[in-house]
Participant: 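Pasting in a structure now, in structure tokens, and then I'll have a few things to ask.
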Amino acid sequence: MKKIASLFFLVIALVANSQNAKQSYSFSLEQAISHALTNNYQAINANRDIESAKQKKWETTASGLPQINAGLDYQNNFVIQKSVVPAEFFGGNPGEFAEVAFGTKHNMIARGTLSQLIFDGSYIVALQASKTYLKYYQNAKQKTDLEIREMVVNAYGNVLLAQESIAILEKNKASLSKTLFDTQQIFNNGLIEEENVEQLQITLASINSNLNNIKRLALISNNMLKIALGINLGDELKLTDQLDALTINNLDLAISESTFNVQDNIYFKMASNFEEQRALELKLAKSKALPSLAANVNFGYNAFGDQFEFFTPNQRWLNYSNLGVSLNVPIFSSLGRSAKTQQAKIAFEQAKTQLTETEQKLKLQYESSKSDYEFSIEEYATSKSNLNLAERIEKKQQIKFKEGLSSSFDFSEAQRQLYTAQQNYLQSMVNIINKKAALEKIINKN
């Protein structure tokens with residue numbers, strides 16, 4: 001018995017441990033995008049919106065198909081309503097009235113109804129609207145995918161930027177620490193002034209502060225990427241792409257020279273979809289002036305009795321059935337329908353104006369995004385050249401400083417210039433990746 005109990009608790013512990021175990025992921029940028037398009041929280045709900053829209057479309061379709069309903073009604077007349085009739089009907093005196101109870105104490109009706117809509121203009125419009133409704137959420141899913149793709153690209157680039165920044169700062173710290181140590185020894189020998197040591201200490205303190213800050217930002221950037229990917233914050237995540245390789249892969253001026261077709265843009269499609277919805281609303285308002293025609297077939301059984309014996313063999317059931325046709329013709333609404341139609345028409349005109357505005361804004365946004373991407377490429381080339389110059393200047397100043405031909409201030413200024421050039425170079429690489437992603441989003445490139 002003890003062995004069985006021990007085995008039971010061991011299984012429970014293993015199950016609990018497996019549920020709490022961290023998962024490990026390793027992604028390139030394209031793999032990260034592919035994973036996010038399936039597992040991102042917004043992507044999951046966007047797929048659910050499409051499924052819900054499909055069910056809504058069928059709900060609308062089914063409302064015009066045959067409907068069958070059944071029911072069972074029971075009534076207990078514990079006090080039967082009475083009426084009065086001339087007493088002479090029952091042998092009484094003329095001019096007098098007698099109270100008579102009509103009906104039975106127990107009544108039951110079993111019924112069934114088959115109804116069918118034959119014509120209704122609003123139903124036809126509703127069918128068209130249900131297709132537009134589904135198309136809207138399909139476009140919304142495509143929009144979500146594009147936004148997720150851009151989000152992952154930006155987050156992935158930020159993580160790589162933080163990692164590269166940490167590596168460079170660690171390298172700068174090690175180099176500066178060695179220089180500070182050598183300078184301290186020279187000062188101890190009385191060959192230089194203490195200001196030279198203090199200046200280097202200031203620079204080293206600044207590097208340490210920046211390094212600690214970047215490490216915190218790296219953790220935040222990594223967690224933001226995990227959220228974009230739809231994985232738990234406690235899971236392990238490794239990025240396999242390198243920042244410089246991604247930058248080279250995203251150097252593509254041909255993309256900015258391609259023709260921009262605004263009709264392919266998802267925001268234009270959604271604005272067009274909105275215009276279509278407003279057009280259908282106008283059509284629906286007009287359809288309210290059309291007649292509607294429906295038919296129904298009713299059938300059932302009635303049973304009556306002063307005793308509750310409806311489910312006994314002796315109970316008598318009386319059947320009935322009928323066919324009905326209902327025609328509704330709108331004639332006059334005191335101009336109420338006309339007012340609704342005019343409101344729908346105004347809303348439709350507004351949607352057309354919004355579509356035109358969206359088209360113009362998207363064209364401007366394309367030109368702006370193309371300009372930003374081209375500038376990022378130019379900035380990358382400039383920052384790369386500036387980095388090479390800053391490295392050469394810093395190296396020369398370091399040699400001069402060690403030989404006593406340059407002051408600590410000049411050397412520190414060269415170091416700060418180098419550190420700035422390093423960060424500008426890293427940021428220029430991330431800018432290329434991000435700006436291209438923004439441009440691809442505009443042209444609807446997956």
Participant: So, S34 side chain and E30 main chain: donor-acceptor pair closer than 3.5 Å or not?
Facilitator: no
Participant: From Q417 CD over to T420 OG1, what is the distance, rounded to the nearest 0.5 angstrom?
Facilitator: 8.0 Å
Participant: Describe, in one word, how the ring planes of Y425 and Y380 are oriented to each other, choosing from parallel (under 30°), tilted (30 to 60°) and perpendicular (over 60°).
Facilitator: parallel
Participant: Within this structure, what is the OG1-OH distance for the pair T144 and Y41, rounded to the nearest 0.5 Å?
Facilitator: 16.0 Å
Participant: Which residues pass the side-chain contact (heavy atoms from CB on, under 4.5 Å) test with A126, sequence neighbours left out?
Facilitator: T60
Participant: Could you label the plane-to-plane angle of the Y137 and Y133 rings as parallel, tilted or perpendicular, counting under 30° as parallel and over 60° as perpendicular?
Facilitator: perpendicular
Participant: Under a 3.5 Å distance rule, please check whether S52 uses its side chain to pair with a backbone N or O of R48 as donor and acceptor.
Facilitator: no
Participant: Pick from N249, T247, N158, N154: which one makes a side-chain contact (heavy atoms from CB on, under 4.5 Å) with I433?
Facilitator: T247
Participant: Quick check: do N47 and E51 have side-chain heavy atoms less than 4.5 Å from each other?
Facilitator: no
Participant: Give a yes or no answer on whether the side chain of S177 reaches the backbone of K173 with a donor-acceptor pair at less than 3.5 Å.
Facilitator: yes
Participant: Would you say the side chain of F27 lies within less than 4.5 Å of the side chain of L225, judging by non-hydrogen atoms?
Facilitator: no
Participant: Residues in side-chain contact (heavy atoms from CB on, under 4.5 Å) with S326, at least two apart?
Facilitator: none
Participant: Can a donor-acceptor pair be found, under 3.5 Å and without considering hydrogens, that links the side chain of S115 to the backbone of N296?
Facilitator: no
Participant: When you check the side-chain N and O atoms of D120 and S122, is any donor under 3.5 Å from an acceptor?
Facilitator: yes
Participant: Dump the intermediate steps for side chain to side chain contact (heavy atoms under 4.5 Å, CB included) on I50 and Y136, then the final yes or no.
Facilitator: CA-CA 9 Å; I50 292 177; Y136 171 82; over 6 Å; no
Participant: Quick one: CD on E413 to CD1 on I393, what's the gap to the nearest 0.5 Å?
Facilitator: 10.5 Å
Participant: What's the separation between atom CD1 in I109 and atom CG in L318, rounded to the nearest 0.5 Å?
Facilitator: 11.0 Å
Participant: Who passes salt bridge (Lys or Arg N to Asp or Glu O under 4.0 Å) against E394, sequence neighbours left out?
Facilitator: none
Participant: Would you say that I255 contacts E440 through its side chain, given a criterion of any heavy-atom pair below 4.5 Å between the two side chains?
Facilitator: yes
Participant: Do the rings of F310 and H106 sit parallel, tilted or perpendicular, given the 30° and 60° boundaries?
Facilitator: perpendicular
Participant: For W317 and Y301, take the angle between the two ring planes, folded into 0 to 90°, and tell me which bin it lands in: parallel under 30, tilted 30 to 60, perpendicular over 60.
Facilitator: perpendicular
Participant: Strictly distance-based, threshold 3.5 Å: is any side-chain N or O of N444 a donor or acceptor partner for the main-chain N or O of D264?
Facilitator: yes
Participant: With sequence neighbours excluded, what pairs up with Y267 under the ring-ring contact (aromatic ring centres under 6.0 Å, His included) test?
Facilitator: none
Participant: K283 side chain to V125 main-chain N or O, any donor-acceptor pair under 3.5 Å?
Facilitator: no
Participant: Mind listing the closest non-hydrogen atom pair of Q315 and E309 along with its distance?
Facilitator: CB-O, 3.1 Å
Participant: Write down the atom of V153, the atom of A437, and the distance for their closest heavy-atom approach.
Facilitator: CG1-CB, 3.7 Å
Participant: Applying salt bridge (Lys or Arg N to Asp or Glu O under 4.0 Å), can you list everything that pairs with K435, at least two apart in sequence or on another chain?
Facilitator: none
Participant: Going by heavy atoms in the side chains, are N386 and N424 under 4.5 Å from each other?
Facilitator: no
Participant: Using modelled atom types and a 3.5 Å cut-off, is there a donor and acceptor pairing between side-chain atoms of S287 and backbone atoms of L284?
Facilitator: yes
Participant: Determine whether the side chains of N265 and Q365 contain a donor N or O and an acceptor N or O closer than 3.5 Å.
Facilitator: no
Participant: As a quick check of understanding, evaluate side chain to side chain contact (heavy atoms under 4.5 Å, CB included) for V262 and Y366, giving each step before the final call.
Facilitator: CA-CA 9 Å; V262 70; Y366 168 73; over 6 Å; no
Participant: Evaluate the side chain to side chain contact (heavy atoms under 4.5 Å, CB included) criterion for residues M151 and Q42: first the C-alpha distance (whole Å), next the side-chain angles of each, then the deciding distance (0.1 Å), finally the verdict.
Facilitator: CA-CA 12 Å; M151 183 194 311; Q42 296 178 27; 4.2 Å; yes
Participant: With a cut-off of 6.0 Å (strictly less than), are more than 12 heavy atoms of other residues, nucleotides or ligands near CZ of F308?
Facilitator: yes
Participant: List the steps and the verdict of salt bridge (charged side-chain N to carboxylate O under 4.0 Å, His left out) for E367 and K363.
Facilitator: CA-CA 6 Å; E367 293 297 331; K363 289 179 178 178; over 6 Å; no
Participant: Could you tell me whether Q263 atom CD has more than 12 heavy atoms of other residues or ligands within 6.0 Å of it?
Facilitator: yes
Participant: Just so I know, are the side chains of N328 and L293 near enough to count as touching, which here means a heavy-atom distance under 4.5 Å?
Facilitator: no
Participant: Do E59 and K56 sit within salt-bridge range, that is, some charged N less than 4.0 Å from a carboxylate O?
Facilitator: yes
Participant: Quick one: does S371's side chain have a donor or acceptor within less than 3.5 Å of a partner on S368's backbone?
Facilitator: no
Participant: Between T203 and S412, what is the shortest heavy-atom contact and its length?
Facilitator: OG1-OG, 3.7 Å
Participant: Under 4.0 Å between a side-chain nitrogen and a carboxylate oxygen: does that hold for D145 and K141?
Facilitator: yes
Participant: Would you please test K131 and E276 for salt bridge (charged side-chain N to carboxylate O under 4.0 Å, His left out) and show each step?
Facilitator: CA-CA 11 Å; K131 297 178 181 178; E276 186 177 357; over 6 Å; no
Participant: Please tabulate, for side-chain N and O atoms in residues 64-73, each donor-acceptor pair with protein atoms closer than 3.5 Å (sequence neighbours left out).
Facilitator:
residue: Q67; atom: NE2; partner: A62; partner atom: O; Å: 2.6
residue: Q67; atom: NE2; partner: L65; partner atom: O; Å: 2.9
residue: D73; atom: OD1; partner: R111; partner atom: NH2; Å: 3.2
residue: D73; atom: OD2; partner: R111; partner atom: NE; Å: 2.8

Participant: Please check if atom CZ in R316 has more than 12 non-hydrogen atoms from other residues, nucleotides or ligands closer than 6.0 Å.
Facilitator: no
Participant: Is it the case that more than 12 heavy atoms not belonging to M270 sit under 6.0 Å from its CE atom?
Facilitator: yes
Participant: Are E391 and K395 ion-paired here, with the side-chain N under 4.0 Å from a carboxylate O?
Facilitator: no
Participant: How close do V152 and A36 get, counting heavy atoms only, and between which atoms?
Facilitator: CG2-CB, 3.5 Å
Participant: Start with the C-alpha distance between E357 and K361, add both sets of side-chain angles, then the distance that settles side chain to side chain contact (heavy atoms under 4.5 Å, CB included), and finish with yes or no.
Facilitator: CA-CA 6 Å; E357 180 185 20; K361 285 184 175 180; 3.2 Å; yes
Participant: For residues Y25 and L229, determine if any side-chain heavy atom of one lies less than 4.5 Å from a side-chain heavy atom of the other.
Facilitator: no
Participant: Are any side-chain N or O atoms of S209 and backbone N or O atoms of A205, one a donor and one an acceptor, separated by less than 3.5 Å?
Facilitator: no
Participant: Considering only heavy atoms from C-beta outward, does the side chain of L134 approach that of S130 to under 4.5 Å?
Facilitator: no
Participant: Identify the two heavy atoms, one from A344 and one from L282, that lie closest to each other, and give their separation to 0.1 Å.
Facilitator: CB-CA, 3.6 Å
Participant: Quick check: closest heavy atoms across F119 and I124, and the distance to 0.1 Å?
Facilitator: CE1-CD1, 4.0 Å
Participant: Counting N and O atoms only, with roles assigned by atom type, does the side chain of D241 sit under 3.5 Å from a partner on the main chain of L29, one being a donor and the other an acceptor?
Facilitator: yes
Participant: D306 and T104: side-chain donor and acceptor closer than 3.5 Å?
Facilitator: no
Participant: Going by heavy atoms in the side chains, are H35 and I231 under 4.5 Å from each other?
Facilitator: yes
